[in-house]
Chemist: 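Right, I'll just put the structure down here and ask away after.
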Amino acid sequence: MKKKIKIAPSILASDFSSLGEEITSISKAGADYIHFDIMDGNFVPNLTFGPNTVKSLRKYSKKIFDVHLMIKSVDDFLIPFIKAGADIISFHPENVKNVEKTIKKIKSNKKKVGLVLNPNINEKKIFPYLKKIDLVLVMSVYPGFGGQKFMNSQIKKIQNIYKKTQMEKLNIDIEVDGGIKSSNANKVIEAGANVLVAGTACFKGGKKFYKKNILSLRKSK
Ligand code: DX5
Ligand code: ZN
């Protein structure tokens, strides 16, 4: 049975000078998650925000805080982001010494855990962990910046992950991040994804367009 489609606006594309207001507005506009792209300028060529920013934004929305760690030192920051109010923590497995240990640490703190695949990483890398995680985050761009073009090469990967989860009867989410907009959202959903991360597509035009932007992703045909 197909899962409900969830929209996760990435605040990377929002107005950083008023993040609290932006999070309240996009939450009211119908977001299911708030997606935080945490970048360290090391694993990815950009720098965004840390646990203190997430902590200060927690009071602006009751939505799920979906924290995507694009950082080298994942293990050092798990507790700070958990304490800051993260509900989901997703990390790139190449940035930890022991994937199972990091998964366990996040789960033992009663948070959901996701593994992230960059476009050049084969999905088989995470198959051994599927039974232990809550979601797979497929990058449809090389991470670092919003506004990039969706990489069609990732559709096959989404299909393969979806097939595997169906074969093993696993109820995990497939989240896709990068270049998602109303013109390609449907093919991503058809491939098996049920959580769409979108920065540019959600925040374009300013507050008065947020509700329409989110709806056009949900209803994309
Ligand atoms: C990695 C970031 C972006 C962002 C989405 O670069 O994770 O993919 O969330 O940005 P848009 O939706 O503007 O491509
Ligand atoms: Zn992201």
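Indexing begins at 1, ligand by ligand and atom by atom, following the structure's order. Every heavy atom of this structure was used, including side-chain atoms; hydrogens, water molecules and symmetry mates were not.
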Chemist: Kindly indicate whether the side chain of Y60, heavy atoms from C-beta on, has any atom under 4.5 Å from the side chain of I34.
Modeler: no
Chemist: Less than 3.5 Å apart, N/O on ligand 1 and N/O on the protein: could you list those pairs with the distances?
Modeler:
| residue | atom | partner | partner atom | Å |
| --- | --- | --- | --- | --- |
| ligand 1 | 6 (O) | G144 | N | 2.8 |
| ligand 1 | 6 (O) | F145 | N | 3.1 |
| ligand 1 | 6 (O) | F145 | O | 3.0 |
| ligand 1 | 7 (O) | D37 | OD1 | 2.9 |
| ligand 1 | 7 (O) | D37 | OD2 | 3.1 |
| ligand 1 | 7 (O) | D177 | OD1 | 3.0 |
| ligand 1 | 7 (O) | D177 | OD2 | 3.0 |
| ligand 1 | 8 (O) | D177 | OD1 | 2.6 |
| ligand 1 | 9 (O) | S10 | OG | 3.2 |
| ligand 1 | 9 (O) | D37 | OD2 | 2.5 |
| ligand 1 | 9 (O) | D177 | OD1 | 3.0 |
| ligand 1 | 12 (O) | G199 | N | 2.6 |
| ligand 1 | 13 (O) | G147 | N | 2.8 |
| ligand 1 | 13 (O) | T200 | N | 3.0 |
| ligand 1 | 13 (O) | T200 | OG1 | 2.4 |
| ligand 1 | 14 (O) | G179 | N | 2.8 |

Chemist: Any salt bridge linking K105 with D75? Criterion: basic side-chain nitrogen under 4.0 Å from a carboxylate oxygen.
Modeler: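 Judged by the 4.0 Å cut-off on N to carboxylate O distance, K105 and D75 do not form a salt bridge.
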Chemist: Salt bridge or not for E21 and K207, using N-O below 4.0 Å?
Modeler: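 Counted as a salt bridge, because a side-chain N and a carboxylate O are separated by less than 4.0 Å.
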Chemist: So that I know where these two stand, are F203 and Y210 an aromatic pair - ring centroids less than 6.0 Å apart?
Modeler: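 For F203 and Y210, the ring centres are under 6.0 Å apart.
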Chemist: Hey, would you say the F49 and F16 ring centroids sit under 6.0 Å apart?
Modeler: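 Yes, close enough.
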Chemist: Using only atom types and a distance under 3.5 Å, with no angle test, would you say the side chain of D40 pairs donor to acceptor with the backbone of S73?
Modeler: no
Chemist: Would you name the heavy atoms of N160 and F127 that are closest together and state the gap between them?
Modeler: O-CZ, 4.2 Å
Chemist: In this structure, which one of V54, D37, L57 forms a side chain to side chain contact (heavy atoms under 4.5 Å, CB included) with I11?
Modeler: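 By the side chain to side chain contact (heavy atoms under 4.5 Å, CB included) criterion, I11 pairs with just one of V54, D37, L57: L57.
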Chemist: Which residues and atoms, counting only protein N, O or S, are under 2.8 Å from the Zn ion (ligand 2)?
Modeler: H35 NE2, D37 OD1, H68 ND1, D177 OD2
Chemist: Under 4.5 Å between any side-chain heavy atoms of I121 and E94, yes or no?
Modeler: yes
